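Predicted model, so just to flag it, every value in this text is computed and none were measured. So that the names make sense, note that chain A is the first sequence line, chain B the second, and so on, each numbered from 1.
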Number of protein chains: 2
Amino acid sequence: MQIEKLIEEKKIKLTSARKELLELFLKAQRPLSYEDVKDKIKMDKATFYRNVSKFEEESIVNSFESNDKKRYYGIYVSAHAHFICQVCSSIECVKSITNMQLEGYKIQDVILKGVCKQCNQRNNPPSS
Amino acid sequence: MQIEKLIEEKKIKLTSARKELLELFLKAQRPLSYEDVKDKIKMDKATFYRNVSKFEEESIVNSFESNDKKRYYGIYVSAHAHFICQVCSSIECVKSITNMQLEGYKIQDVILKGVCKQCNQRNNPPSS
DNA sequence: GACTTAATTGCAACTTAGTTGCATTTGCAT
DNA sequence: ATGCAAATGCAACTAAGTTGCAATTAAGTC
């Protein structure tokens, strides 16, 4: 996927900040918070939040609140759920859960919370 | 359901603040934030947060972050999903979605985001 | 390529949900 | 009733996210 593809047809400028940000989101393959981003690229938080907000308006990224009080942003790729681990706070994309229906409602996002595979095994090792 | 039932067997005191809080949660039938609570009962926010945190430890309530940056708390009643409307920020309990499974993971909570019935109808009225 | 202008940026000050330290109060067991 | 740990209210704090503003930059026009 190309950065230019994401931006073209949208009514926003392709600045260097936006290019860096979108490249990072594409590379990450999982939603990122400002905390995650600021270690990788030098960018003021105001710029970050204004840009992800604009990306969201343009349906380039979507976002959700996690359990750690932070908001996570990721490139919008077809409908898929997110799993948030309540033990280690990790976030994973879940491709297998899709097209959920609820009469009269429009479902745009599904968030699952619980204990992830790693933390589950750590607490209940299969060979003990 | 009785307040005393919720507290008994747990290692916490039944103070008047806790009684009021649990009564409110039981009456509300939907998750509440501190904002919701503070209009109904006089209670310092430190007391609120310390108590809901204790209730959560004792599995009396559970909680989740909504889209409005606030955390919502409700009496824990069997597994059910929550629907958060991205338009009007309302929160509803969804009893119909239950026992979701994901190999290797433990799912403790399901949050659906989208457009609720009311907002859906407002934008796409059936008779027009 | 230089010119123009609106959009974008960084900075610093601000907002607000939630947390923490501490002195006072309260529930509850003896 | 007494003693004491747990709970409360207050005020000060923390940190994610927002906003106003002056300086900078992308991108269209000549």
Nearest whole Å is fine: how far is D/dA26 P from A/K19 NZ? 10 Å

So, is B/K54 near the phosphate of D/dA6, with a side-chain N or O under 4.0 Å from OP1 or OP2? no

Do the side chain of B/R18 and the main chain of B/K13 share a donor and acceptor less than 3.5 angstrom apart? yes

Taking any heavy-atom pair under 4.0 Å as a contact, classify B/A17: base, sugar-phosphate, or nothing. sugar-phosphate

Does A/K69 reach a base, just sugar-phosphate, or nothing at all? Heavy atoms under 4.0 Å. sugar-phosphate

Just call it for B/K70: base, sugar-phosphate, or nothing, with non-hydrogen atoms closer than 4.0 Å on any strand. sugar-phosphate

Residue closer to the 5' end of DNA chain D, B/K13 versus B/F48 (nearest nucleotide): B/K13

Considering only side-chain heavy atoms of A/S16, which listed nucleotide, D/dA11, D/dA26, C/dC28, is closest? D/dA26

Polar side chain donor-acceptor pair, A/D44 to A/T47, under 3.5 angstrom: no

B/F64 CZ - C/dG18 C1' separation (whole Å): 17 Å

Mind calculating the distance between CZ (A/R71) and P (D/dT18) to the nearest angstrom? 9 Å

Using a cut-off of less than 4.0 Å, is there contact between a side-chain N or O of A/T47 and OP1 or OP2 of C/dG10? yes

Rounded distance (Å) that lies between atom P of C/dT16 and atom CD of B/E65: 17 Å

Which comes earlier along DNA chain D counting from the 5' end, the contact point of B/M43 or that of A/D44, where each point is its nearest nucleotide? B/M43

Distance check: side-chain N/O of A/T15 vs OP1/OP2 of C/dT9, anything under 4.0 Å? yes

B/K45 NZ to D/dC13 P, straight-line distance once rounded to whole Å: 14 Å

Quick one: are the ring centres of B/F48 and B/Y73 less than 6.0 Å apart? yes

In whole Å, I'd like the distance from the CG atom of A/N51 to the P atom of D/dT25. 15 Å

Strictly distance-based, threshold 3.5 Å: is any side-chain N or O of A/N120 a donor or acceptor partner for the main-chain N or O of B/G104? yes

Any luck finding a side-chain donor-acceptor pair between B/E65 and A/S66 under 3.5 Å? no

Can you find an N or O donor on one side and an acceptor on the other, under 3.5 Å apart, linking the side chain of A/R50 with the base of D/dG17? no

Between atom OH in B/Y72 and atom P in C/dA17, what is the gap in whole Å? 10 Å

Measuring to OP1 and OP2 of C/dG18, would you say a side-chain N or O of B/Y49 lies under 4.0 angstrom away? yes

Between C/dA17 (C1') and B/E35 (CD): distance, integer Å: 9 Å

